[in-house]
Amino acid sequence: MSAVEHFDKVEIDARIAAGFPPVHHLHNRLHIEMPFGLINDPNGLVYHDGAYHIFYQWNPFGCAHKNKSWAHTSTRDFCTYTMPTLALWPSDAHDKDGCYSGCGTMEDGRLRVLYTCNAKDEAGVRSSAQRFGTFVRGAVQKEEIIIKGPPAGFTAHFRDPYLFNWKGARHLVIGAQTADERGCVLVYREQPCGWACLGELRTQLNDFGYMWECPNLLSFGDYDVLVFCPQGVPARDYDRQNIYQAGYIAGHASIDAMEMLMHGRFKELDHGFDFYAPQVMTHEGRHILVGWMGMPDREADYPSCEEGWMHSLTLPRVLTLRQGHIFSEPAHELKALRHRETERPLEAAGESEFSTTLYDLTEILLDLTMGDAYSVSVELLFGLEKLVLRYDRLAQVMRIDRTGMKRGGRGERKFKLYAEQTLSLRMYVDRGAVEVFFQHGEEAATIALFPEKNIRPTMRIFSDVDMEQISGVLWELEPLH
Ligand code: FRU
């Protein structure tokens, strides 16, 4: 065994507790973060015993993508969270090079997780097995390996199992790559003698990347949604602008036919710079998504690495499917973070400019009735630095411009957005992150920010000619606790 680091749960948990709440000014307060190490994918999301359990990929030993373990926290209301702890870590020959992503489930009253054991031999040859474990007293007890490796015709890029039920039986989707390097999703069915590979879930997508990571198969009444993260799909003018994408196709999943039938085009779940590997849990009919606020292979975009930590999880978002399109809105529980006494209405009519100072942590609801204006911008100013959201009404394009920030990832993202008269935004402004929901959840954007100074941002709204009306509300938010 060549485990790189020694995982001492007692020592690591004590260091986490000593580091909470994290003090550095870039640390977010509305988002799950760790005081040290690198976070990536949310894992094992499941409602169990009155609480939502959230595990996530974590390297406790630094900001490199290695030593992948799972951290754990839980919450009853998405406002108060238990102290994160180390829950699953490399410890044997199967997972010595990482406890990779996986899902959570309830089984006979127990919280079980299913994860990918990643190991490499001396020659660097990768093996990927899928293994169950049970979460007992703060740690995952490792149990049976249910799938030892990929079927013939697929490479060892075989990971991120996600459980779903179909016609009363448990099934899995797993991210995979064919021997000729085409990304896809494999399906397995639980049978009395083990898990049988049913093959690839076919889609109408052609030439769609060399690997698909983190699949989720969700049912929305009569429709099914396959969420996945393709790698190797080139950017276009108004979408797919990140190095890798996180998106979905909506249609009908026929496991009998092993095909996603009558599905629409691949759409992204988020148009910001920093969103990947989302996972969805379903509880009482609600599909709750948590994403990784980060992007693989873009380490230079995240300067908090200098402080010994990197990345966060997104806010929990509730998904609904309307006419083949996923809408996402922050879980309603987050309204409890609003400080009632700070509620501030925003009102202006016939103006082309409007400014207001924000709080340390702010939620903003905005309705901009554009009138004759062709372009409307909402800027967040951090002293001399700024983030700009600019809507071009003729082109029906929203542009997110981070070139006005000094540190971190810069550049621009553009996407199509249909706003007739009123541009509606809901924004969560954290210390180092902004999440924006456009047109009541029709589109979303996650944006990590690294302002140089710890100053309260100013929001400035302006347009080419007077807008008809600006209305909205602003609240100071309490941090997660
Ligand atoms: C996605 C991913 C997964 C893998 C995990 C490892 O970000 O590459 O496919 O399981 O991260 O940390």
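No experiment lies behind these values; they were computed from the predicted model shown. Just follow the structure's listing: the first ligand is 1, and inside any ligand the first atom is 1. Count residues from 1 along the sequence.
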**Message:** I want to check a possible cation-pi pair here: R15 against F36, using under 6.0 Å from ring centre and within 45° of the ring axis as the test.
**Reply:**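 So R15 does make the cation-pi contact.
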
**Message:** Side chains of R413 and N242 only: does a donor on one sit below 3.5 Å from an acceptor on the other?
**Reply:** yes

**Prompt:** Are a donor atom and an acceptor atom from the side chains of Q245 and Q231 found within less than 3.5 Å of each other?
**Reply:**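 Absent: no donor and acceptor within the cut-off.
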
So, is [X] polar-close to ligand 1, with some N/O to N/O distance under 3.5 Å?
X	result
E213	yes
Q57	yes
D41	yes

Is it true that [X] and [Y] have a side-chain N and a carboxylate O under 4.0 angstrom from each other?
X	Y	answer
R431	E33	no
R170	E107	yes
R402	D274	yes

At less than 4.0 angstrom from any non-hydrogen atom of [X], what atoms of ligand 1 do you find?
X	answer
N40	5 (C), 6 (C), 7 (O), 11 (O), 12 (O)
Y276	1 (C), 7 (O)
S101	5 (C), 10 (O)
D160	3 (C), 4 (C), 9 (O), 10 (O)

